[in-house]
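Notes to accompany the following structure.
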Amino acid sequence: MNKLDSELVESKLQQRGYEPAASEDDAGVVLVNTCSVRQHAEDRVWSKLGKLRIRKRREPGLVVGVLGCMAQEHKRYMLARMPHVDLVVGPSAFGDIDDTIEQARSRNAALVREREPARTKHDVGGAGVVVVDHGVSGDAIKRNVRVRPHRSQAYVSIMRGCNMPCTYCIVPSTRGDEISRPIADLVEEAQRLVDDGVTEITLLGQTVNAYGRDLKGQNATLARLLRELHEIPALRRLAFITSHPNFLNAELIDAIAELPRVARYLHLPAQSGSNAVLKTMRRGYTVERYKKRVDQLLAKAPDVELHSDWIVGYPGETVADFEQTVEFVKDIGFAQSYVFKYSPRPGTVAEELVDDVPTAEKERRNQVLLAVQEELTAARNRALVGQTVEVLVEGPSKVAGRLSGRTVHHRLVHFPTPEGANVADLTGEYVSVRVTEALAHSVVGEVAPEASFEVGVVES
Ligand code: 5AD
Ligand code: SF4
């Protein structure tokens, strides 16, 4: 969601005549888009803002902005204590960010004129423009479809906010209530993206499969939206993240099973494999209920792989609770897991609980769960060796001379750049790759002999 928000801000600024700088140090406007979900993410931003404070002493005309959940959460502190921050704009409130930046620029220019030529020891500027609760949603922007991860890939936010009561989570307070966008708007946006060459769209929402419940009387559900978007012939892959187990219903299961171009992975965070922990987290389901829904899904769509998020070291989580999580991960056989150490968040229900699992023990559980997942992923990767998979190329891999991309299961695949091929031309293409080697988090392969690089003629 933050990646998309950054793209929407970038597209807005480009429309206003701004251009991306070659590096952060060359930029006259630096916007930091932030996340509050864990303390670690916030710490990195505080340290970045500290560095920008030093830079701003040298360059008083520099515009520094903080966007996203930390802007919402820490607006008072930023106003009072961070005079080098010029604008503070909450999540999804950036629809008129170009005007806000222009205001900050003229304000800084005025301050610079007042203070020059003397260089003061103090910061100039100050959180002059604060837009938090009532800004214009980024989704209201007629987006510039050209700004996207690469020519074939785009994100579309279908809803903002979250109405769920998870005790540990700050998102409902920073991002506010669920607001879904009408189906017609989404179809129009998707069509514009596809007309511009996009072939893979990932729909975004905090609880993406609760889409539409605020759009009363419009029969708007994720299943219906998937069916409508599936009608766009040139759309080759249609994914959606993140789903909540409580809204994985028969209608959605049927849509996933029946629509061949819907991605074959489902990000369905379970958070814990212990009913006691799930209850205190107020997740609203039991392990048995989660498993039943997954069984129903796999009965109709056996090729779908499951991904999950887990929180280890939640207040009161015993070793026995944690071991149930380990068993659950193995039992379902998840293809991928993101594991997080519990981090108390201000203003949440769980903040009132004693954070009683020691840091070292949280770390241990984190490592154990990651190792269990790694083995499951590696086993799935080994099963791919010898098979040919369709890969949507995302660009050069970290290893020189290789390209990387993803399968319909969101598996990461690396393969040598074919001789004479141009990396930029191949990025965004679908290529058939024969898998030759399984690694822990990815597979390696080679372009299958029958493969072609012309648009649309590659077969999986
Ligand atoms: N501490 C640790 N992890 C958290 N998450 C959300 N809030 C917290 C927290 N306070 C994790 C959940 C969620 C993912 C995006 O972040 O697993 O699914
Ligand atoms: Fe946070 Fe729960 Fe909403 Fe996910 S569903 S964003 S974990 S409150």
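One-based numbering, in listed order, for ligands and for the atoms of each.
Scanning the protein heavy atoms around atom 3 (Fe) of ligand 2, the nearest turns out to be Cys162 SG, 2.3 Å. With respect to atom 2 (C) of ligand 1, the closest heavy atom belonging to the protein is Lys341 O, 3.4 Å. If you check which protein heavy atom lies closest to atom 1 (Fe) of ligand 2, you get Cys169 SG, 2.2 Å. Tyr168 CD1, 3.3 Å is the protein heavy atom nearest to atom 7 (N) of ligand 1. Scanning the protein for heavy atoms near atom 9 (C) of ligand 1, the closest one is Ser343 O, 3.5 Å. Gln271 OE1, 3.4 Å is the protein heavy atom nearest to atom 12 (C) of ligand 1. Counting only heavy atoms of the protein, atom 7 (S) of ligand 2 lies nearest to Tyr168 OH, 3.3 Å. Here the heavy atom of the protein found nearest to atom 5 (N) of ligand 1 is Arg38 NH1, 3.6 Å. When only non-hydrogen protein atoms are considered, atom 15 (C) of ligand 1 lies nearest to Asp309 OD2, 3.7 Å.
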Inset, instruction - Begin with the C-alpha distance, continue with both residues' side-chain angles, and end with the deciding distance and a verdict on ring-ring contact (aromatic ring centres under 6.0 Å, His included) for His74 and Tyr77. - result: CA-CA 5 Å; His74 299 287; Tyr77 177 81; 7.1 Å; no
Inset, instruction - List the steps and the verdict of ring-ring contact (aromatic ring centres under 6.0 Å, His included) for His409 and Tyr265. - result: CA-CA 5 Å; His409 289 106; Tyr265 70 94; 8.4 Å; no
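Checked by distance only, ligand 1 and Trp310 stay at 3.5 Å or farther apart across all their nitrogen or oxygen atoms. Here's the thing with Arg345: none of its N/O atoms is less than 3.5 angstrom from an N/O atom of ligand 1.
Contacts between Pro172 and ligand 2, counted as non-hydrogen atom pairs separated by less than 4.0 Å, involve the side chain only. Only side-chain heavy atoms of Phe340 come within less than 4.0 Å of ligand 1; its backbone N, CA, C and O stay farther off.
A salt bridge is defined here as a Lys NZ or Arg NE, NH1 or NH2 lying under 4.0 Å from an Asp or Glu carboxylate O, and Lys341 with Asp355 fails to meet this definition. Contact check on Asp214 versus Arg160 returns no salt bridge, with no Lys/Arg side-chain nitrogen under 4.0 Å from an Asp/Glu carboxylate oxygen. Salt-bridge check for Arg293 with Glu288: failed, with every basic side-chain N at 4.0 Å or more from each acidic carboxylate O. Salt bridge status for Arg411 with Glu305: present, with a side-chain N to carboxylate O gap under 4.0 Å. Checked for salt-bridge contact, Lys362 and Glu317 miss the test: no charged N lies under 4.0 Å from a carboxylate O. Using a 4.0 Å cut-off between a side-chain N of Lys or Arg and a carboxylate O of Asp or Glu, Arg192 and Asp196 do not qualify as a salt bridge.
Judged by the shortest distance from any of its heavy atoms, Arg175 lies outside the 4.0 Å radius around the atoms of ligand 2.
By the 30° and 60° cut-offs, the orientation of the rings of Phe328 relative to Trp310 is perpendicular.
Among the atoms of Cys166, no N, O or S atom is found under 2.8 Å from atom 3 (Fe) of ligand 2.
Heavy-atom proximity to Val171, at under 4.0 Å, picks out these atoms of ligand 2: 6 (S). Interface atoms of ligand 2 facing Thr207, defined by a heavy-atom separation under 4.0 Å, are 5 (S).
Aromatic ring centres of His307 and Tyr338: separated by at least 6.0 Å.
For the pair Arg38 and Phe340, the distance from NZ or CZ to the six-membered ring centre is under 6.0 Å and the angle to the ring normal is within 45 degrees.
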